[in-house]
Amino acid sequence: MHTYRTHNCNQLTIANVGETVRLSGWVFRVRDHGKLMFIDLRDHYGVTQVVVDKDSEAFQLVQSLNLESVIRVDGKVLARSGDQVNPNLPTGQIEVRAVAVELLSPAAELPLPIAATAEYPEEIRLRNRFLDLRREKLHANIVLRSNVIASLRRRMIAQGFTEFQTPILTASSPEGARDFLVPSRIHPGKFYALPQAPQMFKQLLMVAGFDRYFQIAPCFRDEDARADRSPGEFYQLDFEMSFVTQEDVFAAIEPVLHGVFEEFAEGKSVTPPPFPRITYKESMLKYGSDKPDLRNPIEIVDVTHIFRGGGFGVFASAIEEGAVVRAIPAPGAGVRARSFFDQTNAWAKAEGFAGLGYINFKGGEGGGGVAKNLGPERVAQLVSEMGLGPDDGVFFACAKESIAAKLAGMARTRVGQELDLIAQNEFKFCWIVDFPMFEWDELEQKVIFSHNPFSMPQGEMEALETMNPLDILAYQYDIVCNGIELSSGAIRNHKPEIMYKAFEIAGYDRSVVDEKFSGMINAFQYGAPPHGGSAPGVDRIVMLLADEPNIREVILFPMNQKAEDLMMGAPSTVTPKQLKELGIRFATDTKPAPPTNG
RNA sequence: GGGGUCGUAGCUCAAUUGGUUAGAGCACCGGACUGUCGAUCCGGAGGUUGCGGGUUCGAGCCCCGUCGACCUCGCCA
């Protein structure tokens with residue numbers, strides 16, 4: 001007989017009745033009846049009920065066991081009869097009557113219950129992650145993550161992509177997020193950087209002629225955490241393709257994402273390819289965001305023209321000064337108590353906006369101060385242009401365009417949630433396309449790249465030379481699912497002259513490009529194929545599929561909000577010897593903490 | 001760096017207007033029980049109410065400070 005087990009804890013069925021078996025696992029739950037005990041024995045695969053009665057030599061040992069001790073059980077498989085069957089357990093038709101039990105590893109009193117489903121403080125969970133990971137939901141999430149990654153690989157390979165590993169120790173890049181730096185021992189005073197993404201490497205792979213690359217790529221950014229953003233590190237399904245247009249990229253990745261979501265969505269519907277294409281401009285108008293949740297049926301409408309010169313003085317005068325008015329319909333909300341509208345207005349003010357105007361329609365009659373001052377003709381025009389129903393509500397955001405769009409977008413989400421309009425059993429994908437190449441930085445009063453400086457501007461060199469930079473669009477696209485940005489990507493700029501020109505517009509000298517992007521700009525001189533790609537976030541895909549709002553629920557050993565690993569004690573101080581080898585000494589104003597056991 | 005929420009037993013939570021010895025469930029220890037499956041029943045141990053200061057006859061509760069966790073803004077080309 002095997003040293004530890006003949007079967008796992010999810011394996012035995014009615015077919016095994018009468019067999020002598022050996023199981024090993026954790027003591028999940030114990031039910032002690034004095035002369036008879038039940039143990040739910042758990043391993044990775046499942047749970048099997050073990051019965052020990054007083055005549056067994058094992059009885060005394062079993063009575064002294066703490067929960068989560070690891071034991072080995074030898075016993076005989078018996079059928080359960082009648083109401084002894086547990087229909088909630090795959091092994092619920094049988095039980096193992098213990099003959100001998102060996103304690104393989106005792107457990108101390110637990111800082112974190114394994115069997116309970118309650119929520120526990122992050123700090124305790126992270127400090128005892130190995131225990132937290134035994135709990136059913138988290139255990140399942142991590143297995144799901146593995147399965148999703150395996151499926152992504154399989155589907156990418158089936159699409160003709162090849163996986164390559166790119167360097168982890170690389171050069172710092174001047175733009176974008178903060179780099180994690182790694183000091184060089186051989187070159188004192190110089191640093192490697194961990195890649196924020198394998199951006200340049202994958203483009204060089206295209207120049208090298210590999211045609212279709214992908215990688216489940218670790219990426220590192222030294223930025224602050226959010227609920228959906230790990231501090232430090234995360235994974236992307238990074239891919240790049242040669243000789244492609246934007247539509248070719250979409251056609252390659254849509255079946256992969258659709259397929260993976262269908263495979264793991266457990267019955268939720270998934271947008272079939274081709275996913276809707278929405279321009280950035282349209283998205284900002286209709287959804288007030290560049291990552292719209294299309295499960296929410298509300299669409300924002302510009303109604304500036306209805307309020308211009310109208311009787312509602314606050315809006316009319318704001319419009320004269322360049323403001324716009326965006327209307328957010330609230331289907332069926334007209335019959336709601338006035339407090340619904342007032343509370344929504346109060347929420348907008350609490351978010352730092354001027355507030356939200358509203359009209360509540362009851363039986364086709366518009367109520368509230370806005371309707372009264374605007375007058376029946378213009379209200380009728382509003383109803384007809386927006387297609388409002390007789391008992392709808394409508395909110396108004398009036399401000400400078402960028403602020404009005406943002407407020408309208410947030411109000412759209414809030415109203416959708418309040419009115420319970422957001423479908424819960426759907427994954428709704430879309431592409432946001434035609435992002436602007438440049439934008440105006442109010443703070444620095446200059447033109448900056450709005451997304452990726454390596455994107456190809458639409459119209460190429462001619463556009464850069466003749467158009468207002470702020471009007472130039474890029475072959476730059478995001479993929480969005482249920483309001484979550486899964487990735488951004490682009491058709492890249494593979495022509496050095498256009499790249500110099502684009503950087504020039506953003507205020508960078510030719511020499512800066514030569515210095516900071518030498519690897520890429522140099523490579524592009526020797527025959528670079530037109531290419532493009534994208535990089536959907538793996539963590540966020542798993543979050544969506546696991547229906548978890550917090551990214552730490554889909555990561556094995558996540559860091560806390562302050563980018564610390566409480567279990568391993570990272571980051572930690574290092575020994576003076578290590579520092580000396582690296583040629584590093586601390587400035588006097590940042591005294592190092594005493595060495596920890598790092 | 002700014003804003004918000006929170007901090008009571010190993011864990012989840014309670015404690016009236018500021019008022020007796022800070023309670024309950026799970027876990028742990030002891031006892032009863034041969035069919036439970038979140039077993040049940042009886043008992044026990046377990047607390048510097050995050051920490052420091054203040055107000056008060058009296059503070060878990062009020063005030064000030066501080067530390068920590070999470071959420072969020074900035075940031076994430």
Side-chain angles (χ1 to χ4, degrees), chain A residues 27-42 47-56 59 63-68 78 80-89 91-92 95 97 107-128 131-132 135-136 173-179 196-197 199 219-232 234 350-352 406 410 435-439 441 443 448-455 474 476 485 488 490 502-503 506 508 516-517 537 549-552 560-562 564 566:
Chain A
V27 176
F28 188 41
R29 276 189 277 255
V30 175
R31 294 174 292 282
D32 182 350
H33 287 247
K35 297 198 176 65
L36 180 74
M37 289 183 69
F38 300 94
I39 297 169
D40 288 342
L41 192 68
R42 184 196 76 243
V47 171
T48 299
Q49 175 164 286
V50 174
V51 188
V52 190
D53 71 28
K54 204 167 185 219
D55 303 331
S56 163
F59 193 77
Q63 270 198 317
S64 71
L65 287 174
N66 271 6
L67 293 182
E68 294 301 309
L78 302 179
R80 302 204 212 175
S81 61
D83 58 2
Q84 289 179 11
V85 170
N86 184 345
N88 302 318
L89 217 56
T91 60
E95 62 193 10
R97 174 138 321 220
E109 186 175 352
L110 299 164
L112 183 75
I114 308 301
T117 52
E119 302 278 346
Y120 298 98
E122 289 274 353
E123 189 177 358
I124 290 177
R125 296 181 55 197
L126 293 178
R127 211 179 275 284
N128 301 280
L131 293 178
D132 200 20
R135 298 171 69 214
E136 189 174 6
S173 61
E175 290 277 323
R178 298 184 183 93
D179 282 319
Q196 296 180 23
Q199 181 70 29
C219 304
F220 306 90
R221 294 179 191 175
D222 188 5
E223 297 294 349
D224 287 356
R226 288 290 181 276
D228 64 348
R229 197 172 80 199
S230 271
F234 60 98
E351 291 287 331
K406 188 177 176 194
M410 289 168 68
F435 278 85
M437 185 80 195
F438 301 99
E439 63 188 33
D441 186 333
L443 211 64
I448 58 170
F449 286 110
S450 71
H451 277 76
N452 187 324
F454 307 119
S455 304
Q476 163 91 37
E485 181 192 321
S488 62
F503 274 88
Y508 295 95
K516 294 298 183 183
F517 309 113
N550 193 305
I551 201 162
R552 286 184 294 273
N560 69 5
Q561 216 215 3
K562 284 167 65 182
E564 297 166 313
L566 296 176

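These numbers come from a predicted model, not from an experiment. Every chain is numbered from 1 and lettered A, B, ... according to where its sequence line falls, protein lines coming before strand lines. Quick note: numbers below take in every heavy atom, side chains included, and nothing from hydrogens, waters or symmetry partners.
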Q: Could you check whether I448(A) gets within reach of a base, just the sugar-phosphate, or nothing at all, counting any heavy atom under 4.0 Å?
A: nothing
Please work out if D53(A) contacts a base, only the sugar-phosphate, or nothing of the nucleic acid, heavy-atom cut-off 4.0 Å. nothing
* Asked: Which part of the nucleic acid does Y120(A) contact within heavy-atom distance under 4.0 Å: base, sugar-phosphate only, or nothing?
  -> sugar-phosphate
List the atom pairs, with distances to 0.1 Å, where a side-chain N or O of residues 32-42 of chain A and a protein N or O form a donor-acceptor pair under 3.5 Å, not counting sequence neighbours.
from, atom 1, to, atom 2, distance (Å)
D32(A), OD1, G34(A), N, 2.8
D32(A), OD2, Q63(A), NE2, 3.4
D40(A), OD1, R31(A), NH2, 2.9
D40(A), OD2, R31(A), NH1, 3.0
R42(A), NH1, E68(A), OE2, 2.9
R42(A), NH2, E68(A), OE1, 3.0

Exercise. When we call it a touch if two heavy atoms are under 4.0 Å apart, what does V85(A) touch: a base, just sugar-phosphate, or nothing?
Worked result: base
Across all chains, not counting sequence neighbours, the salt bridge (Lys or Arg N to Asp or Glu O under 4.0 Å) partners of D228(A) are R540(A)
When all nucleic acid strands are considered with a 4.0 Å heavy-atom cut-off, which category describes R42(A): base, sugar-phosphate, or nothing? nothing
Rounded to whole Å, CG of D224(A) lies from C1' of rU72(B) at a distance of 11 Å
**Study point:** N86(A) side chain near rG35(B) phosphate (N/O to OP1/OP2, under 4.0 Å)
**Key:** no
Modelled atom types, side-chain donor and acceptor of D179(A) and Q196(A), under 3.5 Å: yes
Those residues at least two apart in sequence (or on a different chain) that pass side-chain hydrogen bond (donor to acceptor under 3.5 Å, both in side chains) with S455(A) are Q476(A)
Sorted by chain and residue number, the side-chain contact (heavy atoms from CB on, under 4.5 Å) partners of L566(A) (sequence neighbours excluded) come out as E123(A), L126(A), R127(A), N560(A), E564(A)
| query | At under 4.0 Å between heavy atoms, what does L89(A) touch on the DNA or RNA strands: base, sugar-phosphate, or nothing? | reply | nothing
When rounded to whole Å, the CZ to P distance for the pair F38(A) and rU34(B) reads 11 Å
Pairing partner of rC26(B), by Watson-Crick or G-U wobble and under 3.5 Å for both distances, is rG10(B)
Parallel, tilted or perpendicular: ring planes of F449(A) versus Y508(A), cut at 30 and 60 degrees: parallel
> Within the structure shown, what part of the strands sits under 4.0 Å from L112(A) by heavy-atom distance: base, sugar-phosphate, or nothing?
Replying inline: nothing
Residue set satisfying side-chain hydrogen bond (donor to acceptor under 3.5 Å, both in side chains) with E223(A), at least two apart, ordered chain then number -> R178(A)
Ranking E109(A) and N88(A) by the position along RNA chain B of their nearest nucleotide, the one closer to 5' is E109(A)
Assign each of K54(A) and N66(A) the nucleotide of RNA chain B bearing its closest heavy atom; nearer the 5' end lies the nucleotide of N66(A)
Find every protein N or O atom lying less than 3.5 Å from an N or O atom of nucleotides 39-42 of chain B, and list the pairs.
from, atom 1, to, atom 2, distance (Å)
rA39(B), OP2, R31(A), NH1, 3.2
rA39(B), N7, D32(A), O, 3.3
rA39(B), N6, D32(A), O, 2.7

For R229(A), the salt bridge (Lys or Arg N to Asp or Glu O under 4.0 Å) test, sequence neighbours excluded, returns none
L41(A) atom CG is separated from rC37(B) atom P, nearest whole Å, by 19 Å
For rU55(B), the nucleotide meeting Watson-Crick or G-U wobble distances (both under 3.5 Å) is none
Quick one: which protein N/O atoms are closer than 3.5 Å to N/O atoms of nucleotides 43-48 of chain B? Pair and distance per line, please.
none

Checklist entry - When rounded to the nearest Å, what value does the distance between C1' atoms of rG50(B) and rC70(B) take? => result 16 Å
Sorted by chain and residue number, the side-chain hydrogen bond (donor to acceptor under 3.5 Å, both in side chains) partners of D53(A) (sequence neighbours excluded) come out as R97(A)
Taken in chain and number order and not counting sequence neighbours, the residues that satisfy side-chain contact (heavy atoms from CB on, under 4.5 Å) with P121(A) are I124(A)
Those residues at least two apart in sequence (or on a different chain) that pass side-chain hydrogen bond (donor to acceptor under 3.5 Å, both in side chains) with E136(A) are none
Under 3.5 Å, which protein N or O atoms sit close to an N or O of nucleotides 66-71 of chain B? Give each pair with its distance.
from, atom 1, to, atom 2, distance (Å)
rA69(B), OP1, E564(A), OE1, 3.4
rA69(B), OP2, K562(A), NZ, 3.4
rC70(B), OP1, Q561(A), N, 2.8
rC70(B), O3', R552(A), NH2, 3.0
rC71(B), OP1, N550(A), ND2, 2.9
rC71(B), OP1, R552(A), NH2, 2.9

